[in-house]
Number of protein chains: 2
Amino acid sequence: MALDEYDYKILQILNENSRLSYAEIGRKISLSQSATKERVLNLVENGVIKQFSVDIDFTKLGYGLKVVMSLKFKNDEFKTFLNNLSRFPEIISCKRITGEYCLVAECILADSSHLENLIDRLIPYGIPTTSVQLSEVKVDHFFKRMI
Amino acid sequence: MALDEYDYKILQILNENSRLSYAEIGRKISLSQSATKERVLNLVENGVIKQFSVDIDFTKLGYGLKVVMSLKFKNDEFKTFLNNLSRFPEIISCKRITGEYCLVAECILADSSHLENLIDRLIPYGIPTTSVQLSEVKVDHFFKRMI
DNA sequence: TGTGAAATTTAATGGCG
DNA sequence: CGCCATTAAATTTCACA
């Protein structure tokens, strides 16, 4: 799929607020509702847009501890772990990477005892290295530069 | 803000598809459109929902290389780096963490020469350790367990 | 907080440049 | 590919419980 400037602008706009109406997006990029809608649907159909999602402040839900967990596995234990991911609701994202560690997981936790509990459940699979997340900057300048 | 089951269900539904209409969300949780709308707006006003966003497949945009970059900084060089983040459009997320590294950054790159270029631009600020992201599992069972 | 109803705005189609 | 016009649906607002 070949994207043009309109598509990139749509992605940028949706990235900032994915609930905007087609009409409103169209107004921002000087395109009719129907044309805008068709472009958005095409972006979804072609898999450029994987999902319309939502960013949540877990602190406000009583989960005040965010942790980046690096994991080392013995043998192919990591496949077993991936199959059992549902036992770890605290893990909201899991990346397989090259290098010293096999996986990096993002974890949402209530407090340090919750963390201790998670580590205990992880140890059968591999060795976790914990880093507490102090702050996060989500940057959205990607699209602005890309165009 | 005290959340009830309705709110959690709304978060779960919006997390899967943030473009659903209030009417449709209301149907799923047996609530009227107006009530559903007010709840969503409250979640936004109280900061539980930080943003309605979109998940993009950067591969489809010609960026076939995703990298997790761990960064070590000398002194307070990391503050300078954060102030100059706009010079690094490849970085879409930046987390300050405890432990051996100060920062973990998610980077979107076209290819390995793009990566080399990024590393060259990073070196003045600190020492980057690169891990290529092989795959990612985004898990959404968090809300289902939370309720 | 929630519902229900009326006025406005969008979404969804289809025909056409 | 995009625009316009039409019908169906959703949003918005407000009165009321």
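Protein chains get the first letters and strands the later ones, always in sequence-line order, with residue 1 at the start of each. Only a predicted model underlies this, so the values are computations on that prediction, with no experimental measurement involved.
A distance below 6.0 Å separates the ring centres of A:Phe81 and A:Phe73. Between A:Phe78 and A:Tyr125, the ring centre distance reaches or exceeds 6.0 Å. Aromatic pair B:Phe142/A:Tyr63: centroids less than 6.0 angstrom apart.
Between A:Ile25 atom CD1 and C:dT10 atom C1' the separation is 12 Å, expressed in whole Å. What separates CG of A:Asn46 from P of D:dC1 is a distance of 10 Å, to the nearest Å. Atom CG in A:Leu41 sits about 17 Å away from atom P in C:dT10, given to the nearest Å. Separating the OH atom of A:Tyr22 from the P atom of D:dG2 is a distance of 15 Å, rounded to the nearest angstrom. Atom P of nucleotide C:dT10 and atom CD of A:Glu24 are separated by 7 Å, given to the nearest angstrom.
At distances below 3.5 Å, at least one donor-acceptor pair connects side-chain atoms of B:Asn17 with backbone N or O atoms of B:Arg19.
Out of C:dT3, C:dA11, D:dG2, the shortest distance to the side chain of A:Arg39 is found at D:dG2. Distances were taken from every side-chain heavy atom of B:Leu31 (C-beta onward) to each of D:dA10, D:dT12, C:dG2; the shortest belongs to C:dG2. When distances run from any side-chain atom of B:Gln33 to the nucleotides D:dC1, C:dA11, D:dT12, the shortest one goes to D:dT12. Checked against D:dA10, C:dA11, C:dT3, the side chain of B:Ser34 finds its nearest nucleotide in C:dT3. For A:Ser21, taking side-chain heavy atoms from C-beta onward, the closest of the listed nucleotides D:dT12, D:dG2, C:dT10 is C:dT10.
A:Ser32 contributes no side-chain N or O that forms a donor-acceptor pair with the base of D:dC4 under 3.5 Å.
Distances shown here put every side-chain N or O of A:Arg27 at or beyond 4.0 Å from the OP1 or OP2 atom of C:dT9. Close to D:dT11, at under 4.0 Å from its OP1 or OP2, lies no side-chain N or O of B:Lys37.
Within the cation-pi definition used here (under 6.0 Å to the ring centroid, within 45° of the axis), B:Arg39 does not qualify as a partner of B:Tyr22.
Summary of the strand contacts: A:Arg19 and A:Glu38 both lie near DNA chain D, and taking for each the nucleotide with the nearest heavy atom, the more 5' one is attributed to A:Glu38.
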